[in-house]
Amino acid sequence: MAAKTKFRGSFTALVTPFKNGSVDEAAFRALVSWQIAEGTHGLVPVGTTGESPTLSHDEHKRVVEWCIGEAKGKVPVIAGAGSNSTKEAVELAEHAEKAGADAVLVVTPYYNKPTQEGMYQHFKAINDAIGIPIIIYNIPGRSVIDMSVETMTRLFALKNIAGVKDATASMVRVSQQRAAMGEDFNQLSGEDATILGYMAHGGHGCISVTSNVAPRLCSEFHAAWQKGDHATALKLHDKLMPLHNNLFIESNPAPVKYALSLLGKIDEKLRLPMVPVSEPTRVAVRSAMVHAGLIN
């Protein structure tokens, strides 16, 4: 029986806080606890927003363990387990399963540009190694390659491939994927700014950067949508839209880390090659937070 998922609503793509060059466990645990208290529907540690490229494997695994330990089963945890080395991705996925993750998020291999067949074999190897659901992370803007609907459909026939984090920003893709794989294929947006349209096309939720700083508003948006209260959903979307835009003026997660520092949640520390945002971006992020009612 295939390990399918029914993830719905707002899932936060968590940042990884740093202090004195190390991962800040206390700040990370406090962030997880706050997210759950604010109504976030699920957590996604060590993805792109969690600066996974600059975490050591040991740090990566510890962050996953902290997230699962702090969540205490209150919300699902989809652990980042991606790599452009299949062997590494398998190892991270196996660790996530052992640690108690509900699912893993696996990005299409970046930089080495596999073919559609190469992507299929990469995900099949991870599928064959673990017994928990796998969410495909399709993000052509960062990985250069774009997994086709046909490849996704082939993968969905495997026992653990459950859905997609879709960061193509294409509304059409949601409908195409639903037509090919049906309602059981769990479709989560990876693009905050397009979430209203994504849901209208039949999406199930969002793995969100914005919900790092506005967890309650993002959660309320999805709750309104699920109730069919589209007028409220639209109002909340308008409230959040400047944040959805301005948190991506510079490369994620630099703007969202600045935003979280304004809320006193973390230190604004990043690992090179990521650097703190410029002054014009600070002004834009602060303005968006005022618009959303998060700060005065």
Can you measure from [atom1] ([X]) to [atom2] ([Y]) and round to the nearest 0.5 angstrom?
| X | Y | atom1 | atom2 | value |
| --- | --- | --- | --- | --- |
| Asn138 | Asp166 | CG | CG | 6.5 Å |
| His60 | Glu88 | NE2 | CD | 10.0 Å |
| Trp225 | Leu234 | CH2 | CG | 9.0 Å |
| Thr40 | Lys74 | OG1 | NZ | 13.0 Å |
| Leu270 | Glu268 | CG | CD | 6.5 Å |
| Leu55 | Thr16 | CG | OG1 | 5.0 Å |

Main-chain N/O of [Y] paired with [X] side-chain donor or acceptor, under 3.5 Å:
| X | Y | result |
| --- | --- | --- |
| Glu70 | Ser33 | no |
| Asn186 | Ala162 | no |
| Gln35 | Ser211 | yes |
| Asn246 | Ala284 | yes |
| Asn160 | Pro133 | no |
| Ser287 | Val283 | no |
| Gln116 | Asp146 | yes |
| Ser261 | Tyr258 | yes |
| Thr168 | Ser170 | yes |
| Gln121 | Gly118 | no |

Before accepting this row, confirm whether a basic side-chain N of the pair [X]/[Y] lies closer than 4.0 Å to the acidic partner's carboxylate O.
| X | Y | value |
| --- | --- | --- |
| Lys239 | Glu220 | no |
| Arg282 | Glu250 | no |
| Lys98 | Glu94 | no |
| Lys257 | Glu51 | yes |
| Lys61 | Glu91 | yes |

For this session: Measure up the Phe221 and His237 rings against each other and bin them: parallel (under 30°), tilted (30 to 60°), perpendicular (over 60°).
Result: tilted
For this session: Fit a plane to each ring of Trp66 and Phe28, take the angle between them on a 0 to 90° scale, and name the class: parallel (under 30°), tilted (30 to 60°) or perpendicular (over 60°).
Result: tilted
Results of side chain to side chain contact (heavy atoms under 4.5 Å, CB included) for [X] - residues two or more places apart only:
| X | result |
| --- | --- |
| Ala99 | Val64, Glu65, Ile68, His95 |
| Gln176 | Val149, Val172, Arg173 |
| Thr232 | Ala224, Asp229, Leu236 |

For this session: Please say whether the positively charged group of Lys269, taken as NZ for Lys or CZ for Arg, lies over the ring of Phe18, i.e. under 6.0 angstrom from the six-membered ring centre and within 45 degrees of the axis.
Result: no
For a 4.5 angstrom cut-off between non-hydrogen side-chain atoms, does [X] reach [Y]?
| X | Y | value |
| --- | --- | --- |
| Leu14 | Val32 | yes |
| Pro109 | Ile145 | yes |
| Leu260 | Leu31 | yes |
| Ser208 | Phe11 | no |
| Cys67 | Val77 | yes |
| Thr194 | Ser189 | yes |
| Arg62 | Val23 | no |
| Phe248 | Asp192 | yes |

Problem set entry | Test side chain to side chain contact (heavy atoms under 4.5 Å, CB included) applied to Phe185 and Met152, step by step | CA-CA 10 Å; Phe185 187 65; Met152 237 173 249; 3.8 Å; yes
Considering all heavy atoms of both residues, which atom of [X] and which atom of [Y] are nearest to each other, and what is their separation?
| X | Y | result |
| --- | --- | --- |
| Asn212 | Val15 | OD1-N, 3.3 Å |
| Leu188 | Cys206 | CD2-N, 4.2 Å |
| Ala96 | Val104 | CB-CG1, 3.5 Å |
| Leu263 | Trp34 | CD1-CH2, 4.2 Å |
| Ile195 | Gly205 | CD1-O, 3.8 Å |
| Met171 | His201 | O-ND1, 3.4 Å |

Same cluster for [X] and [Y] if Ile/Leu/Val/Met/Phe/Trp/Tyr side chains link at under 4.5 Å?
| X | Y | value |
| --- | --- | --- |
| Val107 | Ile136 | no |
| Ile249 | Val213 | no |
| Val144 | Ile139 | no |
| Met274 | Val46 | no |
| Leu217 | Val209 | yes |

Problem set entry | Check: His122/Thr86 side-chain N/O donor and acceptor closer than 3.5 Å | yes
Exercise. If you measure only the distance, is there a donor-acceptor pair under 3.5 Å linking the side chains of Thr210 and His244?
Worked result: yes
Exercise. How would you list, by chain and number, every residue that makes a side-chain hydrogen bond (donor to acceptor under 3.5 Å, both in side chains) with Tyr198, sequence neighbours excluded?
Worked result: none
Seminar exercise, completed: By side-chain hydrogen bond (donor to acceptor under 3.5 Å, both in side chains), Asp128 pairs with (sequence neighbours left out) Lys124
Problem set entry | Derivation of the side chain to side chain contact (heavy atoms under 4.5 Å, CB included) call for Phe123 and Leu155 | CA-CA 7 Å; Phe123 279 89; Leu155 283 168; 3.6 Å; yes
Problem set entry | CA sep, side-chain torsions, deciding dist, call: Leu243, Leu294, side chain to side chain contact (heavy atoms under 4.5 Å, CB included) | CA-CA 11 Å; Leu243 263 180; Leu294 301 175; 3.7 Å; yes
Exercise. Partners of Tyr110 by ring-ring contact (aromatic ring centres under 6.0 Å, His included), sequence neighbours excluded?
Worked result: none
Exercise. More than 12 non-hydrogen atoms from neighbouring residues, nucleotides or ligands closer than 6.0 Å to CZ on Arg8, yes or no?
Worked result: yes
